[in-house]
Amino acid sequence: MSRILWAVHAPEPAMAEPDDHGRAGRREGEPKNPAGRRTGNETPAEETTQLRIPPPIPPRAERPAEETTQLRVPPAEETTQLRIPPRPERPAEETTQLRIPPRAEVPDETSAGEFPDAEEETQQADRGANSRHRGSRRRPVQSSALAGRLAPLARRVKPQYPRPGRTGWRRWVPSWRQWLAAWGLAVGLSASLLAIAYAATDIPKNLNTYATQQDNVYFWSDGTPMARTGWVQRQAMPLKDIPEQVRWAVLAAENESFYSDPGISLKGISRALVRTVGQGDTQGGSTITQQYVKNVYLTQNQTVTRKFTEAMISLKLDNRMSKDKILEGYLNTSWFGRGTYGLQRAAQAYYGKDVSRLNASEGAFLASLLKGAGLYDPTLSEKNHDRAVERWSWILDRMVKIGKLSPAERAKYTKFPEPLKQGRVYDTGKQSDYLVELATQYAKKAGHISDKEFDLGGYQIYTTFDRKRETALTDAVAKARKKALKSDPATAKTAHYGAASVSTDGRILAVYGGPDHRTQGYNESNATTVPAGSAFLPFVYAAGLQHGIHKTRDSTAAPVSPESVYDGDDGVPVSTPEGPYWDRSGKKVAAHNDGNKSYGPISLRKALAGSVNVPFMQLGMDTGLDKVRQTAEAAGLLPSSLGPQVPALSLGSSTPSAIRMANSYATFAADGSHTEPYSVRRVTRNGSSVALVTPRPHRAVRPEVATQVTEALTDSFREAHPAASQSAPRAAGKAGTTHDDKAAWFVGTNSSVSTAVVLYRLDLTKSLEPLPLKGIAGTPDDDVPYGIWAGAMSPLG
């Protein structure tokens, strides 16, 4: 019989009572079996015939179930080993010992497959025991139970692909759960990417240069467009100057939810992306915000990348900029066809008026052009006309539907608002360029606008030029030029014509600057090239009437009247209080009449009417050449154009321009009140007024003096052109010639308009010196300058 030695050791916690899966668990009131760490000399448990277990020690505290499986090994020295003689080795399967495998061992298939949860907990407890020092009571990891509970769920959620239990192609068809999971993952990733993209996208600080570039537009005196400068036909207008119904016509056509949407249309973007990716083109559907972003921040490239960037910027812009500002920018940058950008230029191109004067019907047509001007401009084809009418009607109906146009007002718009057959063609490069040049110079000076600011564009220059008078003046010059080329081609080839019409209040109404600004850059109407000749005599006459004369040195000025008599004989020497006037060569200076004709004693009024030169040279000396000069400047001639202060000054040695001569004669017609000539009456930039320094009238000569000069000029006109004077009793003017036949003038007024015409010859390829006219100016019966004047002033009545 085997001997049994009892091992004395400290009491151990009660063993757990096995649960339903065979795991150790606590059984109520049952003692716990001791356990010790097995050494190499220990006899296997199956060889023990009896094991006495000491009485259980009452539990000290409730411990987690995991701790009940811990086996505490008593110290070796306290154990009395039971020595059993060796026996033959038996296979492991014959043993009855409950053997707890070491950590590294793997349980057999039966136990692992039968009790998977128990196996996990056992391994977890063993790992916890081996990771602590013997006797440690640190709490084990709590997540093992949660992991055990989640494991079955993880196995169920884990996609099984290809799908088990299916055959053929069905193995590769995802289940609805897999489809749902994939869709959720895609949505989550997309949302994350969009959030990152939104945060990373910044609104560009610099606008698209092309989108913000504008031109400067010039208008006739009646407000219709005249010309423009700049590469882009665009004019920005503030939203307040665009009628509300016109705005809503655009919104009804393009984006009726503009004021409520977030700046983008998901439906539109999706449709555009599908068409871009699938069919290689793009589709509309963008909001107005997106279109504005494309116009001013991005290029027109039709790519998915550009579309995505457009959407991101649109979202941010909608949060940072007011809806009104976005709409204003869109209306000022959109393409409307006929080379125009923005509603302002479109209104001018299609209806010849400012956008502020458009009604809802016209606005609806212009809104239809946003869908494609090449398809909806009714003047291009019959099909275009049909499309335009259909869309125009649809937009008006849409406005009624969204409550922005009353049914009663809609009923008024039954007739399609036919646009102009052609847009206002700007006659650039020809005669209008001379007008633009004058207006630009004046606008910069009067508005204190620098060249740099003006070149940025956006200015609207409302000129004083009268379209009808400009056309009449241009046609009159063209007729005279054509006639001269036909009668004497060689002489007429070097002929130059300059003309201008100015009102008594200073407005420049028309000018003729040359045949073509592209071939002749300088403006004949503003050139100071040739002397005024006898056309200067009215200024000497006015100076004498205004200031009186001095026959002796330091004497009191004696008054002069139109009836004052002077010697009209040809070649009479000019005298001073001290005697004859000598020139630098030592010769007496004498005046000569046209054709060296003598008139004897003659009144100043008759002398002016008959263009007798001699009396006025002497009158100038008696009045004082300084007074003559002063009067001419007060009437409107520029100081720089006046000749030297010598006796020849009175006979027209000065070289005024046609504009200044017309303006000065207008001073006499305005009862002696002079206003500096100006070509611009108003300037705005993007709808805001630019302050101008406008000229004010001032007194040049006394009213009675102006009347006396006008009466003498009226006599002159009647004597030279008796037939015309009958239909124009208020016409007044005179011809001007020079002693060397190098210039021919006619300057005259009718009612409140004064026109000056000058003709001379100049061969620019050889010299800047004027050449003799050689009969190109015509004869007294067929005076070419007068013919142009009459054509420009027609009808004279």
Side-chain angles (χ1 to χ4, degrees), residues 237 239-272 283-292 323-324 326-328 330-338 340 342-421:
M237 292 294 287
L239 193 64
K240 64 180 179 62
D241 290 343
I242 300 175
E244 185 176 0
Q245 287 188 337
V246 175
R247 290 182 243 160
W248 275 104
V250 173
L251 293 176
E254 295 293 306
N255 186 190
E256 66 183 54
S257 62
F258 169 72
Y259 280 101
S260 60
D261 65 40
I264 63 172
S265 168
L266 296 179
K267 181 179 179 181
I269 292 175
S270 300
R271 182 167 62 248
Q283 174 73 16
S286 299
T287 64
I288 279 179
T289 305
Q290 289 175 260
Q291 295 180 54
Y292 173 65
K323 287 288 189 179
D324 283 347
I326 294 174
L327 179 60
E328 178 182 299
Y330 171 75
L331 295 178
N332 285 325
T333 57
S334 296
W335 167 257
F336 285 88
R338 295 194 181 182
T340 63
L343 265 177
Q344 169 69 356
R345 292 306 307 275
Q348 295 164 356
Y350 289 93
Y351 291 107
K353 56 186 176 182
D354 283 349
V355 66
S356 60
R357 297 166 56 194
L358 294 176
N359 58 34
S361 178
E362 294 164 336
F365 163 69
L366 293 180
S368 70
L369 296 172
L370 293 168
K371 193 173 179 64
L375 296 174
Y376 291 90
D377 185 345
T379 63
L380 298 180
S381 68
E382 189 64 31
K383 290 183 178 180
N384 272 24
H385 191 278
D386 294 341
R387 278 191 292 263
V389 172
E390 181 181 0
R391 186 157 178 82
W392 161 79
S393 179
W394 178 84
I395 292 173
L396 289 175
D397 292 341
R398 195 72 180 169
M399 292 177 67
V400 174
K401 183 176 181 180
I402 64 178
K404 299 303 177 181
L405 186 68
S406 67
E409 191 169 7
R410 171 65 180 93
K412 294 190 304 182
Y413 300 129
T414 58
K415 185 178 180 181
F416 180 67
E418 297 287 349
L420 300 173
K421 294 297 182 183

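In this chain, residues are counted from 1 in sequence order.
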Does Glu418 have more than 12 heavy atoms from other residues, nucleotides or ligands lying within 6.0 Å of its CD?
yes

Assess, by modelled atom type and distance only, whether the side chains of Asn359 and Gln245 contain a donor and an acceptor separated by less than 3.5 Å.
no

Side chains of Leu370 and Tyr330 in contact at under 4.5 Å (non-hydrogen atoms)
yes

Closest approach of Ala252 and Met399, non-hydrogen atoms and distance?
CB-CG, 3.8 Å

Does any part of the side chain of Met237, heavy atoms only, come nearer than 4.5 Å to the side chain of Leu343, both counted from C-beta?
no

How close do Lys371 and Glu254 get, heavy atom to heavy atom, and via which atoms?
N-OE2, 4.3 Å

Would a 4.5 Å heavy-atom cut-off, applied to side chains only, mark Trp335 and Thr340 as touching?
no

Taking C-beta and beyond as the side chain, do Phe416 and Pro378 meet within less than 4.5 Å on heavy atoms?
yes

Measure the shortest side-chain to side-chain distance between Thr379 and Arg338 over non-hydrogen atoms and say whether it is less than 4.5 angstrom.
yes

Leu251 vs Trp248 side-chain heavy atoms within contact, under 4.5 Å
yes

Does any part of the side chain of Ser368, heavy atoms only, come nearer than 4.5 Å to the side chain of Ile395, both counted from C-beta?
yes

Please determine whether a side-chain nitrogen of the Lys or Arg among Lys353 and Glu362 lies less than 4.0 Å from a carboxylate oxygen of the Asp or Glu.
yes

Considering non-hydrogen atoms only, spot the tightest contact between Leu405 and Ala360 and give its length.
CD1-CB, 4.3 Å

Closest heavy-atom pair and its distance - Leu358, Pro243:
O-CG, 3.7 Å

Do Thr289 and Phe258 come close enough that some side-chain heavy atom pair is under 4.5 Å?
yes

Arg410 vs Ser361, side-chain hydrogen bond (donor to acceptor under 3.5 Å, both in side chains): CA-CA, chis, key distance, verdict
CA-CA 9 Å; Arg410 171 65 180 93; Ser361 178; over 6 Å; no

Hey, are Lys323 and Asp261 close enough for a salt bridge, meaning a charged N less than 4.0 Å from a carboxylate O?
yes

Phe365 vs Tyr351 aromatic rings, parallel, tilted or perpendicular, using cut-offs 30° and 60°?
perpendicular

Can you confirm whether the side chains of Ser356 and Asp354 place a donor and an acceptor under 3.5 Å from each other?
no

Taking every non-hydrogen atom, the tightest pair across Arg247 and Leu327
CD-CD2, 4.3 Å

Thr287 vs Gln291, side-chain contact (heavy atoms from CB on, under 4.5 Å): CA-CA, chis, key distance, verdict
CA-CA 6 Å; Thr287 64; Gln291 295 180 54; over 6 Å; no

